[in-house]
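First the structure, which I've put down as structure tokens, then a few questions once you've had a look.
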Amino acid sequence: MYNYNNVLLLLLSELDVTLNRQVTSDQKEECGAFLSNDYFPSPDHTSSALQLATACAAYLAPQSPVRARPELAERILAAISFQLKWQHDSGLIDLPKVTPHSPPDTAFSVQLLAPFAEYARSEEAASTPQAEQIAERLGDYLLRAAHGIIGRGFRTPNHRWVVVSALAQAVSLFPELSEDALPYVESILAETIDINEDGEYSERSTGVYTAVCNRSLRYAADHLNRPELLEHVRRNLDFTMSLLRDDATIVTSISHRQDAGAKVVPISMADSFFDLAHRDGNGRWASVADALVRQFGAARQVCRSGYAHLIVPFLMDPSLRTAALERTPPPEKFQHFFPQSRLWCVKDRQLLATASAGTAMPFSLSFRDLELAAVRIRGGYFHQADFEATSIEKTERGVRLRRHNEREPGWDLPVGRPVKFRQPSEYYAFATAERERWPLPPLHLILEIDRLENGFDLHFQTDGGVARTAFRVEFCFSGTGYWETAAQLAPALPGGSAWLKAGTGYFHNHREAISVEGGSDVHRLGFEQLETRPRDDLFVVGIPMVSPVSETFQIRCGDWSMESRQLLAPDEGRDRLHDLLERK
């Protein structure tokens, strides 16, 4: 459950790891740094600043068993000294793996550390030894960083809101920044927030940057007195709930960023769910916050984004430490169609399925402990046969996705004049716009998905193109299990693959199963390419096709029968238990 005591315990479990990462030798230039897994000293928000926030939270938090420990204060002050030493004269810091002198990454560190500088200044923290010194030294870093951020730019959509948040927080700590910082903040906010009516941010990053946007807008709303910014957060929280599985992992197959296809418990969303739940009295959001903390804590994972964010609401509003908001469970069943996000979500108790345009993983499904992480359709026709839908529409029983290829496929013809040598990457392409072409028929792809009682039918067909084009559909499974057909049983090992030549195959764990029906043996092209999977831990089953294609693949979920080696009919296992109880 997301409450003060549990978050404090999670924070302390991370502190144990954090302290082992610190460089304590004053003979080393990087003295005070908390090293990340790459052993490279850096003051950024994924490295030393992240661990510094954890240490500050543990030292300052009321009821913390290490509150006000002198040795912890010494480590914190050493870490702040490292932050200041590694700061450029401009006030900026580096993100060593990506960019030097980075305004947005400096802003990330400000967003992370400013709440602890603010709390260390508070009346409640005043009795804590060295809180004043921590506030002063952190303030030195934050003030210099804020000056460095102003007018220096960003690189991605979410960076804008991180910069806005960081400068808003800095102005609250140092009002003298207002004259320079606030006009820059207003110029960024004038671009308007990149969220659609469905509640989805433009980067579609359910596992990483959605949380960044929500937290940034919350902080900005509070420090700029702009409560209207919270409306965007509210809309996104409802959207996000549609993508959460029962195990608190989130659908990432739709993402446009580095989390695409990853298995993620989005713990970094928990503080936004918790904060807005208590502002609005929303029991469903509070239940989601509980589930995220419970699942992440049970797995005993060290949080890449840090647990320090989770404790901030309790420091900013002490009443939350004893708040008892009544929880309301999220709905067990729904079908949501999000037209602007081009997304369809189906929830039925322990099943969650999504279909989406604009991604190479147009369908995914999870059922209890099993996951069909992605269904992909691949083919070779001038880069127009890999299925990535350009549109999605609602149908009576589900959705219809289409890939409409605007560019006519074909072969380039000579321009009949010298084509001068330029840079190798430009040499041929330079004349492409002038070339006439020998065209081939355009190819369009259609995937129709129908919802059935215990699964889905996926009907794939081609429109146009040429005959005998090779396609394959790939079913990418995640989780420990077995792959079983009428003639085969094998462990479904991560990184493994199989070709379903005929009939039905089952991915099961002896308790539940996901079945795929529609095997084929029309060719073996691309069998080796099954190894190019969305992520390394997947087991991929391929089925070949040849154009013109009009094929239906049946996907079913249910309990696994050890007796028949097949799926039980819907509710059959439940009915057997009911009959047994009735007889008793």
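Computed from heavy atoms alone, side chains included, the values below leave out hydrogens, waters and symmetry copies. The model shown is predicted, which means the values in this text are computed figures rather than measured ones.
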| task | Could you tell me whether Arg400 and Glu393 make a salt bridge, using a distance below 4.0 angstrom between a side-chain N and a carboxylate O? | result | yes
| request: List the steps and the verdict of side chain to side chain contact (heavy atoms under 4.5 Å, CB included) for Arg556 and Asn454. | output: CA-CA 6 Å; Arg556 302 289 184 265; Asn454 62 330; 3.4 Å; yes
| When you check the gap from the basic side-chain N to the acidic O, do Glu231 and Arg234 get nearer than 4.0 Å? | yes
| Leu243 versus Leu343, closest heavy-atom pair with distance | CD2-CD2, 4.0 Å
| Hey, would you say the Phe477 and Phe539 ring centroids sit under 6.0 Å apart? | no
| Over all atoms of both residues, closest heavy-atom pair of Leu370 and Ala513 | CD1-CA, 3.7 Å
| query | Does the pair Asp386/Arg403 count as a salt bridge with the N-to-O cut at 4.0 Å? | reply | no
| Charged N to carboxylate O under 4.0 angstrom, Glu186 versus Arg226? | yes
| said: I'd like to know if Asp348 pairs up with Arg451 as an ion pair, taking the criterion as any Lys NZ or Arg NE/NH1/NH2 lying under 4.0 Å from an Asp or Glu carboxylate oxygen. | reply: yes
| request: Check whether the ring centres of Tyr141 and Phe82 lie less than 6.0 Å apart, and answer yes or no. | output: no
| request: Can you see which heavy atom on Ile555 is nearest to which on Leu365, and at what distance? | output: CG2-CD1, 4.4 Å
| query | When you look at Ile250 and Thr252, which way does the side chain to side chain contact (heavy atoms under 4.5 Å, CB included) test go after all the steps? | reply | CA-CA 6 Å; Ile250 194 164; Thr252 58; 3.9 Å; yes
| said: I'd like to know whether Leu351 forms a side chain to side chain contact (heavy atoms under 4.5 Å, CB included) with Arg368, so could you lay out the CA-CA distance, the side-chain angles of the two residues, the decisive distance to 0.1 Å, and finally the verdict. | reply: CA-CA 7 Å; Leu351 178 148; Arg368 299 183 193 162; over 6 Å; no
| field | Charged N-O contact under 4.0 Å between Asp271 and Arg218 | value | yes
| task | Determine, step by step, whether Phe274 and Leu320 satisfy the side chain to side chain contact (heavy atoms under 4.5 Å, CB included) criterion, reporting the C-alpha distance in whole Å, the side-chain angles of both residues, the deciding distance to 0.1 Å, and the verdict. | result | CA-CA 10 Å; Phe274 178 83; Leu320 294 178; 3.9 Å; yes
| field | Closest non-hydrogen atom pair, Arg327 against Leu325 | value | NH1-O, 2.9 Å
| task | State whether Asp369 and Arg245 are salt-bridged, where the test is any N-O pair (Lys NZ or Arg NE/NH1/NH2 against Asp/Glu carboxylate O) under 4.0 Å. | result | no
| query | Sub-3.5 Å donor-acceptor pair from the side chain of Ser48 to the main-chain atoms of Phe34, do we have one? | reply | yes
| query | With distance as the sole test, does Arg160 use its side chain to make a donor-acceptor pair with the main-chain N or O of Pro157 at under 3.5 Å? | reply | yes
| Using 4.0 Å as the upper bound for N to carboxylate O, is an ion pair formed by Glu371 and Lys263? | yes
| query | Taking the six-membered ring for Trp, are Phe154 and His159 ring centroids under 6.0 Å apart? | reply | no
| message | Within the supplied structure, the quantity of interest is the number of heavy atoms (other residues, nucleotides, ligands) at a distance under 6.0 Å from Phe334 CZ; does it exceed 12? | response | yes
| query | salt bridge (Lys or Arg N to Asp or Glu O under 4.0 Å): which pairs involve residues 43-69, sequence neighbours left out? | reply | none
| Does the distance from a Lys or Arg side-chain N to an Asp or Glu carboxylate O, for Asp275 and Arg279, drop under 4.0 Å? | yes
| Phe239 ring center near Phe338 ring center (under 6.0 Å) | yes
